[in-house]
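Whatever order the structure lists them in is the order used to number ligands and atoms, beginning at 1.
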Amino acid sequence: MNQQIYWHTTVHMPDDSNLRPIPENVDVAIIGGGYTGLSAARTLAKRGVKVSVLEANTIGWGASSRNGGMTLTGLKPSMHTVIKNYGRDVAKRLFQCSLDSVDTVEQVVYEENIDCGFARYGHLYAASKQNHFDGFKDEVEFMSKEFDHKVRIVSPDEMGDEIGSSHYHGAIVDEVSGGLNPAQYVTGLAAAAERAGATLHARARVNRLERSGTRFLVETERGRVTADKILVGTSGYTGHITKKLQRKIIPIGSFIIATEKLPDEFAHELIPKNRMIFDSMHYLNYFRLWDDRMIFGGRAAFFPENASTIRRSADILRREMIKVYPQLKDVKVEYVWGGTLDFAFDMMTHVGEMDGIYYSLGYAGHGVAMASHLGKTVAEAMLDGTIKDHPFAGFDFPGAPLGLYNGFPWFLPFAGAWHKILDWIE
Ligand SMILES: Cc1cc2nc3c(=O)[nH]c(=O)nc-3n(C[C@H](O)[C@H](O)[C@H](O)COP(=O)(O)OP(=O)(O)OC[C@H]3O[C@@H](n4cnc5c(N)ncnc54)[C@H](O)[C@@H]3O)c2cc1C
């Protein structure tokens, strides 16, 4: 089995064969070349701003070319929790933002003619336990009443229309969500940002960031640039140069396997409507088809990707996949890879300005749509001076309780064990 990102075999990813020199001055320097940074760069460049994206590796190297491609409505915390914590009005604005985020992806793909297979396939939220399904009926009414958002129950009898598996107790379908090929999408987004006039710099890790009068001095491994404004879009790879942000973000590994290409009809039986599927466990699995391959992901190990967590995840994910689809037991798994997600301590996404530095972080596994949308809207707010009015800027960005975190997530094994216990009892 290849420890290689399957999506990268489907497109010519941006590489480092033609490195541009780092400019001396820009209006805005963006740190991180994923959906957040590229979407912001495209927006700013279209408004005539001189903008550069500084990326430590190659453009699109991070989670943006490794993910499941699920372009989802909703936030990571349940909307019940969001209402409880922030009230109805804020919750409504945030949920609307999640709907707008899928629209943003659709619009960018259309405007920039990005060939990434985006379509509104809908998502299927599958109940792993009977008591989870029992709660789904209330959920459908709640989403309709509070957010005027129509989702639909799939009863156990109807599950055969949605999935070739008897593993689940029923589901909720949300037709608004979509799916795409993440590597093709990020490659297209990078090309769009460049066409708009942004400059993209691979192998330009930012090693130091400091104020210099009214501007910022940004020291990269290939040279220095000064900028009026800085946007941080480093997600799960946020490091010491933005220490205060690093201490608010927990990097968590997520892993995916891709099977060999399956016969067309067999693949179709597994997920007849090409839905994006995820289950209702804390230690959740998510899966979908692409080009007749089963793409099956999960939080198989909590620590970020390395050769060992990837190897272990391959075995765990294969076992999980066969639990859901026993008919895949003789199918070859050809690829396995991992990437790092960014979780805030409250599991919410946060945007804002800290010490004059703008940021958009904490997508908690919802970044395909949200990072694309917030990259755009934070860029607009930076220019218009309205960041405080952004829906995701209106609440606290908490750090670790008692400040017991310096960027190394020592507590992940405990959090992993805690999630396993929750899955067992809830
Ligand atoms: C395995 C996996 C599956 C996922 N599945 C889904 C899914 O199905 N649906 C969904 O909505 N979301 C999913 N996600 C989450 C989603 O991919 C992310 O939320 C999204 O890609 C974040 O985009 P970003 O641009 O903010 O960060 P990234 O794409 O991670 O980019 C951050 C970049 O910052 C760079 N960087 C870090 N430090 C520096 C520095 N000092 N100088 C310069 N550059 C730096 C890194 O090299 C990296 O390329 C998944 C994530 C993973 C890992």
Test of proximity, [X] against ligand 1: N or O pairs below 3.5 Å:
X: G33; result: no
X: V368; result: yes
X: I31; result: no
X: T340; result: no
X: A204; result: no

Please determine whether a side-chain nitrogen of the Lys or Arg among R293 and E260 lies less than 4.0 Å from a carboxylate oxygen of the Asp or Glu.
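Not counted as a salt bridge, because no side-chain N and carboxylate O are separated by less than 4.0 Å.
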What is the nearest protein non-hydrogen atom to [atom], stated with its residue, atom name and distance?
atom: atom 34 (O) of ligand 1; value: G32 CA, 3.4 Å
atom: atom 35 (C) of ligand 1; value: E55 OE1, 3.3 Å
atom: atom 1 (C) of ligand 1; value: S254 O, 3.4 Å
atom: atom 53 (C) of ligand 1; value: G339 C, 3.3 Å
atom: atom 30 (O) of ligand 1; value: A63 N, 3.0 Å
atom: atom 21 (O) of ligand 1; value: S64 OG, 3.0 Å
atom: atom 10 (C) of ligand 1; value: G365 O, 3.0 Å
atom: atom 41 (N) of ligand 1; value: V206 O, 3.1 Å

[X]: heavy atom below 4.0 Å from ligand 1, yes or no?
X: G236; answer: no
X: L72; answer: no
X: W337; answer: no
X: G297; answer: no

Give the single entry among G68, G37, S313 that approaches atom 5 (N) of ligand 1 most closely by any heavy atom.
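Of the listed residues, G68 has the closest heavy atom.
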Ignoring hydrogens, just give me the one of R66, M276, M70 whose non-hydrogen atom is nearest atom 9 (N) of ligand 1.
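Considering heavy atoms of R66, M276, M70, the nearest to atom 9 (N) of ligand 1 sits in M70.
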How does V186 reach ligand 1, by side chain, by backbone, by both or by neither, if only non-hydrogen atoms under 4.0 Å count?
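Neither part.
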Considering only heavy atoms, does Y363 approach ligand 1 within less than 4.0 Å through its side chain, its backbone, both, or neither?
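Only the side chain of Y363 comes within reach of ligand 1.
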Between atom OH of Y335 and atom CG of N2, what is the distance when rounded to the nearest 0.5 Å?
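Rounded to the nearest 0.5 Å, the OH-CG separation comes out at 5.5 Å.
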Residues which pass salt bridge (Lys or Arg N to Asp or Glu O under 4.0 Å) with E353, listed by chain and number, not counting sequence neighbours
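With neighbours one apart ignored, the set is empty.
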For H149, what residues pass the ring-ring contact (aromatic ring centres under 6.0 Å, His included) criterion, not counting sequence neighbours?
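Partners of H149 by the ring-ring contact (aromatic ring centres under 6.0 Å, His included) criterion, ordered by chain and then number, come out as F95.
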